[in-house]
*Asks:* 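Structure in structure tokens, see below.
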Amino acid sequence: MSTKPLAIVADDHPIFREGLVRIARQSLPTHDVIALSDYGQVQLLIQTQGDVVDFFLLDLIFPGFDGPESVRELRKEQPLSPIVIVSMVNDRVLIDEIIAAGANGFISKAASPKRLSEAMDKILEGEVVVVHDDEVFDTVQHHATDSNLSARQLEILRFMKSGLTNKEIAKTLDLSPFTVRAHVSALLRHFNASTRTAAVATATESGVI
């Protein structure tokens, strides 16, 4: 078993995978970086060395990986490990689903290596980060409607309006605090708000809740 923490990079395209490995090694100099090409290999490594695996840099579409559902399962297995998804996909609804499922970041493959490295640094500092294909951090504007909000997000939004903390919401809904935090982060982006109070105010004024 490795004596160093492990970072898993998974992508079935060799060129992209090699690039991600280089960036991961720069951002995580104390880790052993393991490059894999399918999700079955990722799961096997977790089963054998899960106690030292503490970072995931994964393509959105590669063999065995099922988008938000796989992120959700991986988050349950590795509750404290940062999970970063990279993709050419720029579907905002899907991105929000990935973050709400428990990912710490979603980074466009069109972003420069420098921007990807910067995003990873922010994620390691505890932030939830999205980098779009125009290399902008979390600046996509949304109209304040509920059309792109899931039932769970609306439920959490109502609890936020009631003044419950993330921990209290997690206990009430029997969710992990991390999952609630991811939903809250998605809601802040949806309403282009920097605080929970601002998000609730916008949602209330627009009749969403």
*Asks:* Below 4.5 Å, heavy atoms only, C-beta onward: do N104 and V129 meet side chain to side chain?
*Replies:*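 Answer no - side chains too far apart.
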
*Asks:* Please report the interatomic distance NZ(K161) to OG1(T204), rounded to the nearest 0.5 Å.
*Replies:* 3.5 Å

*Asks:* For M160 and V184, run side chain to side chain contact (heavy atoms under 4.5 Å, CB included): C-alpha distance rounded to whole Å, both residues' side-chain angles, the deciding distance at 0.1 Å, then the answer.
*Replies:* CA-CA 9 Å; M160 289 166 58; V184 171; 4.0 Å; yes

*Asks:* Using the rule given for side chain to side chain contact (heavy atoms under 4.5 Å, CB included), can you reason through F56 versus I85, listing the C-alpha separation, both sets of side-chain angles and the distance that settles it, and then say yes or no?
*Replies:* CA-CA 8 Å; F56 297 88; I85 302 299; over 6 Å; no

*Asks:* Quick one, E168 with F159, criterion side chain to side chain contact (heavy atoms under 4.5 Å, CB included). Give me CA distance, side-chain angles, the key distance, then yes/no.
*Replies:* CA-CA 9 Å; E168 290 170 335; F159 281 123; over 6 Å; no

*Asks:* Ion pair present between K122 and E118, side-chain N to carboxylate O less than 4.0 angstrom?
*Replies:*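 Result for this pair is no, no salt bridge flagged.
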
*Asks:* So how far is it from H190 NE2 to D96 CG, rounded to the nearest 0.5 Å?
*Replies:*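 So the gap between those two atoms works out to 8.0 Å.
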
*Asks:* Report yes if some heavy atom in the side chain of V33 is under 4.5 Å from a heavy atom in the side chain of R22; otherwise report no.
*Replies:* no

*Asks:* Are any of the side-chain nitrogens in E155 or R152 under 4.0 Å away from the carboxylate oxygens of its partner?
*Replies:*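 Here E155 pairs with R152 in a salt bridge, since their nearest N and O are under 4.0 Å apart.
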
*Asks:* Decide yes or no for I99 and V130: does some side-chain heavy atom of the first lie under 4.5 Å from some side-chain heavy atom of the second?
*Replies:*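 When only atoms from C-beta onward are counted, V130 and I99 do touch, with a gap below 4.5 Å.
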
*Asks:* Let me confirm one number: the CG-CD1 distance from D91 to I98, rounded to the nearest 0.5 Å.
*Replies:*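 Atom-to-atom, D91:CG and I98:CD1 are 10.0 Å apart.
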
*Asks:* Considering non-hydrogen atoms only, spot the tightest contact between A101 and R75 and give its length.
*Replies:*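 Distance-wise, the nearest heavy atoms are O-CB, 4.1 Å.
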
*Asks:* Are V42 and L44 connected in the hydrophobic side-chain network, where two residues link if heavy atoms are under 4.5 Å apart?
*Replies:*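 V42 and L44: separate clusters.
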
*Asks:* Taking T48 for the side chain and L45 for the main chain, is one N or O donor matched with an acceptor at less than 3.5 Å?
*Replies:* yes

*Asks:* To the closest 0.5 Å, what do you measure between OH (Y39) and CG (D66)?
*Replies:* 9.5 Å

*Asks:* Going by atom type alone, with no hydrogens or angles, which donor-acceptor pairs under 3.5 Å involve a side-chain atom of residues 8-18 and a protein atom two or more places apart or on another chain?
*Replies:*
{"residue": "D11", "atom": "OD1", "partner": "H13", "partner atom": "N", "Å": "2.8"}
{"residue": "D11", "atom": "OD1", "partner": "H13", "partner atom": "ND1", "Å": "3.4"}
{"residue": "D11", "atom": "OD2", "partner": "K109", "partner atom": "NZ", "Å": "2.8"}
{"residue": "R17", "atom": "NH1", "partner": "D11", "partner atom": "O", "Å": "2.5"}

*Asks:* Taking NZ, NE, NH1 and NH2 as the nitrogens, is one of them in R72 or E69 under 4.0 Å from a carboxylate oxygen of the other?
*Replies:* yes

*Asks:* So, for Q153 and A100, which heavy atoms are closest and what is the spacing to 0.1 Å?
*Replies:*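 Of all heavy-atom pairs spanning Q153 and A100, the closest is NE2-CB, 4.3 Å.
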
*Asks:* Supply the atom-to-atom distance T202 OG1 to L187 CG, rounded to the nearest 0.5 angstrom.
*Replies:*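 With rounding to 0.5 Å, OG1 (T202) is 11.5 Å from CG (L187).
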
*Asks:* Show the numbers, then the answer: is there a side chain to side chain contact (heavy atoms under 4.5 Å, CB included) between L74 and I46?
*Replies:* CA-CA 9 Å; L74 184 57; I46 292 172; 3.4 Å; yes

*Asks:* Give, for atom OG of S87 and atom CZ of F106, the distance between the pair rounded to the nearest 0.5 Å.
*Replies:*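 One gets 4.5 Å once the value is rounded to the nearest 0.5 Å.
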
*Asks:* Counting only N and O atoms by type, is there a donor-acceptor contact under 3.5 Å from the side chain of S27 to the main-chain atoms of A24?
*Replies:* no

*Asks:* Does some side-chain heavy atom of V208 sit less than 4.5 Å from a side-chain heavy atom of L154?
*Replies:*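 Touching, per the 4.5 Å side-chain cut-off.
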
*Asks:* Would a 4.5 Å heavy-atom cut-off, applied to side chains only, mark V84 and I123 as touching?
*Replies:*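 Result yes, sub-4.5 Å side-chain heavy-atom pair found.
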
*Asks:* Using a 4.5 Å cut-off on heavy atoms from C-beta on, say whether the side chain of V131 contacts that of L116.
*Replies:*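 L116 does not reach V131 side chain to side chain.
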
*Asks:* Over all heavy atoms of both residues, which pair between A203 and L157 is shortest? Give the atoms and the distance, please.
*Replies:* CB-CD2, 3.7 Å

*Asks:* Heavy atoms only: give me the nearest F65-L60 pair and the separation to one decimal.
*Replies:*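 Reported closest heavy-atom pair: CD2-O, 3.2 Å.
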
*Asks:* Taking the side chain as everything from C-beta on, heavy atoms only, tell me whether L124 gets closer than 4.5 Å to L28.
*Replies:* yes

*Asks:* Measure from the side-chain N and O atoms of S81 to the backbone N and O of V53, and report whether any donor-acceptor pair falls under 3.5 Å.
*Replies:* yes

*Asks:* Flag the pair R196 / N166 as yes when at least one side-chain heavy-atom distance between them is below 4.5 Å, and no otherwise.
*Replies:*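 Result yes, sub-4.5 Å side-chain heavy-atom pair found.
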
*Asks:* I need the minimum non-hydrogen distance between H31 and D54, along with the two atoms involved.
*Replies:* NE2-OD1, 2.7 Å

*Asks:* Is there a donor-acceptor pair under 3.5 Å between the side chain of S162 and the backbone N or O of L164?
*Replies:* no

